[in-house]
Amino acid sequence: MEKKKEKIGQIRRREILEAAKKVFLRKGFADTVMEDIIQETSLSRGGVYYYYINKVDIMHDLMKQGIDYRVGQMKAFMAAYSGRMDQMAIAEMMVDKILDRSDLMSLYAMYLQAQKTNQELRALFPVLVQENFQAVSAGMKEGEDPAFQMMTSRFLIAFINTMILGCETLEGARDSFLRNRSFLVEILMAFIKAYENGKVD
């Protein structure tokens, strides 16, 4: 009985998250209210509020979905990669993250923009950084490699987020970055070397 209840809860949460994703992508985070999300689901108002008390909690779970998605992408990369975890593999995976084209990446860019004016979303950022690092460490055997510690580098996080925002908001930016992908890999290789030599934090 308890398992059945848990499964129903997972299905309902998934429905709410899918509804929220559609509404956020259509209206933006700031212009979305809980009522918009409720109307997009088959649940009652009380049914939605049973699982989520506000749209920030919903966004947090969507960001966690994004983290799980990225770990899956990294695992797929490593399964196809011919070598062991090395600087090139890390640089390639970071470039893949920047250039990714998905609803979850669009939501992440929206989150980055919305946190500028939303204190709750801003407070969530260090939590997401930690959750991302833990998910990579737990989800990939390579995640235990000390090289992955650089994923918490403030410079690297700022650089990747800036590039993601550019891909999502600037006309033609992603296409330009895709055409010059090898140069982006070189930039990230330069960062990795500088990080290992203690020249960036």
Side-chain angles (χ1 to χ4, degrees), residues 21 59-116 121-201:
K21 190 193 319 181
M59 182 61 95
H60 187 183
D61 271 2
L62 286 168
M63 293 298 97
K64 286 198 252 185
Q65 272 189 1
I67 290 169
D68 291 342
Y69 166 77
R70 283 303 313 147
V71 170
Q73 297 291 97
M74 291 167 78
K75 282 181 177 178
F77 175 90
M78 286 310 299
Y81 188 67
S82 58
R84 62 175 189 75
M85 176 57 62
D86 57 17
Q87 291 180 348
M88 181 60 77
I90 293 171
E92 293 269 4
M93 283 191 287
M94 287 188 284
V95 169
D96 285 349
K97 179 178 181 176
I98 291 167
L99 299 177
D100 186 59
R101 198 186 303 256
S102 69
D103 285 348
L104 289 168
M105 192 55 75
S106 296
L107 276 174
Y108 181 61
M110 179 184 297
Y111 162 78
L112 291 174
Q113 290 172 300
Q115 70 165 326
K116 183 177 178 183
L121 290 181
R122 202 172 314 130
L124 185 58
F125 188 76
V127 175
L128 292 174
V129 170
Q130 193 57 38
E131 287 173 348
N132 182 65
F133 184 70
Q134 288 170 346
V136 170
S137 296
M140 297 179 64
K141 65 178 191 293
E142 295 88 359
E144 295 172 10
D145 191 308
F148 266 89
Q149 186 64 44
M150 76 180 66
M151 289 177 64
T152 59
S153 157
R154 287 177 294 187
F155 176 87
L156 180 64
I157 292 167
F159 177 80
I160 288 176
N161 287 342
T162 300
M163 298 297 285
I164 288 169
L165 282 168
C167 284
E168 289 291 325
T169 59
L170 299 175
E171 185 69 34
R174 181 180 275 112
D175 292 335
S176 176
F177 296 154
L178 279 164
R179 283 193 308 275
N180 296 284
R181 187 181 191 285
S182 59
F183 181 62
L184 276 180
V185 171
E186 285 180 39
I187 290 171
L188 285 162
M189 288 286 287
F191 159 77
I192 292 167
K193 286 177 183 155
Y195 180 85
E196 288 178 346
N197 292 326
K199 293 181 178 173
V200 288
D201 62 357

Without swapping roles, check the side chain of [X] against the backbone of [Y] for a donor-acceptor pair under 3.5 Å.
| X | Y | answer |
| --- | --- | --- |
| Tyr108 | Ile67 | no |
| Asn132 | Leu128 | no |
| Arg122 | Gln115 | yes |
| Ser176 | Gly172 | no |
| Arg174 | Gly166 | no |

Sequence neighbours excluded, every pair satisfying ring pair (Phe, Tyr, Trp, His ring centres under 6.0 Å) that has a member inside residues 154-190: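 Applying ring pair (Phe, Tyr, Trp, His ring centres under 6.0 Å) to every pair that reaches into residues 154-190, excluding sequence neighbours, yields Phe155-Phe191.
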
When you check the side-chain N and O atoms of Asp86 and Tyr81, is any donor under 3.5 Å from an acceptor?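 Yes, Tyr81 and Asp86 have a side-chain donor paired with an acceptor closer than 3.5 Å.
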
Using only heavy-atom distances, determine whether the side chains of His60 and Gln65 contain a donor-acceptor pair under 3.5 Å.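 Short answer, no.
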
Just so I know, are the side chains of [X] and [Y] near enough to count as touching, which here means a heavy-atom distance under 4.5 Å?
| X | Y | result |
| --- | --- | --- |
| Lys116 | Leu121 | no |
| Leu156 | Tyr195 | no |
| Arg101 | Leu178 | yes |
| Leu104 | Arg70 | no |
| Glu168 | Leu112 | no |

Assess whether side chain to side chain contact (heavy atoms under 4.5 Å, CB included) is satisfied between Glu196 and Gln87, documenting all intermediate values. CA-CA 10 Å; Glu196 288 178 346; Gln87 291 180 348; 2.6 Å; yes

Please report the interatomic distance [atom1]([X]) to [atom2]([Y]), rounded to the nearest 0.5 Å.
| X | Y | atom1 | atom2 | result |
| --- | --- | --- | --- | --- |
| Lys97 | Cys167 | NZ | SG | 12.5 Å |
| Met59 | Leu124 | CE | CG | 9.5 Å |
| Ile98 | Ile187 | CD1 | CD1 | 8.5 Å |
| Met150 | Ile90 | CE | CD1 | 4.5 Å |
| Ile164 | Thr169 | CD1 | OG1 | 11.5 Å |
| Met163 | Leu188 | CE | CG | 8.0 Å |

Pair Glu92 + Arg181: basic N to acidic O under 4.0 Å: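 Here Glu92 pairs with Arg181 in a salt bridge, since their nearest N and O are under 4.0 Å apart.
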
Taking 4.0 angstrom as the limit, do Asp61 and Lys64 come out as a salt bridge?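 A salt bridge is present here (some side-chain N lies under 4.0 Å from a carboxylate O).
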
Intermediate values then yes/no, side chain to side chain contact (heavy atoms under 4.5 Å, CB included), Asp96 and Met74: CA-CA 9 Å; Asp96 285 349; Met74 291 167 78; over 6 Å; no

Search all heavy atoms of Gln73 against all heavy atoms of Asp100 and return the closest pair with its distance.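 Closest pair (atom of Gln73, atom of Asp100, distance): NE2-OD1, 4.3 Å.
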
Please determine whether side chain to side chain contact (heavy atoms under 4.5 Å, CB included) holds for the pair Tyr69 and Asp103, giving the CA-CA distance in whole Å, both sets of side-chain angles, and the decisive distance to 0.1 Å. CA-CA 11 Å; Tyr69 166 77; Asp103 285 348; over 6 Å; no

Might you work through the side chain to side chain contact (heavy atoms under 4.5 Å, CB included) test for Val129 and Met151, ending with a clear yes or no? CA-CA 9 Å; Val129 170; Met151 289 177 64; over 6 Å; no

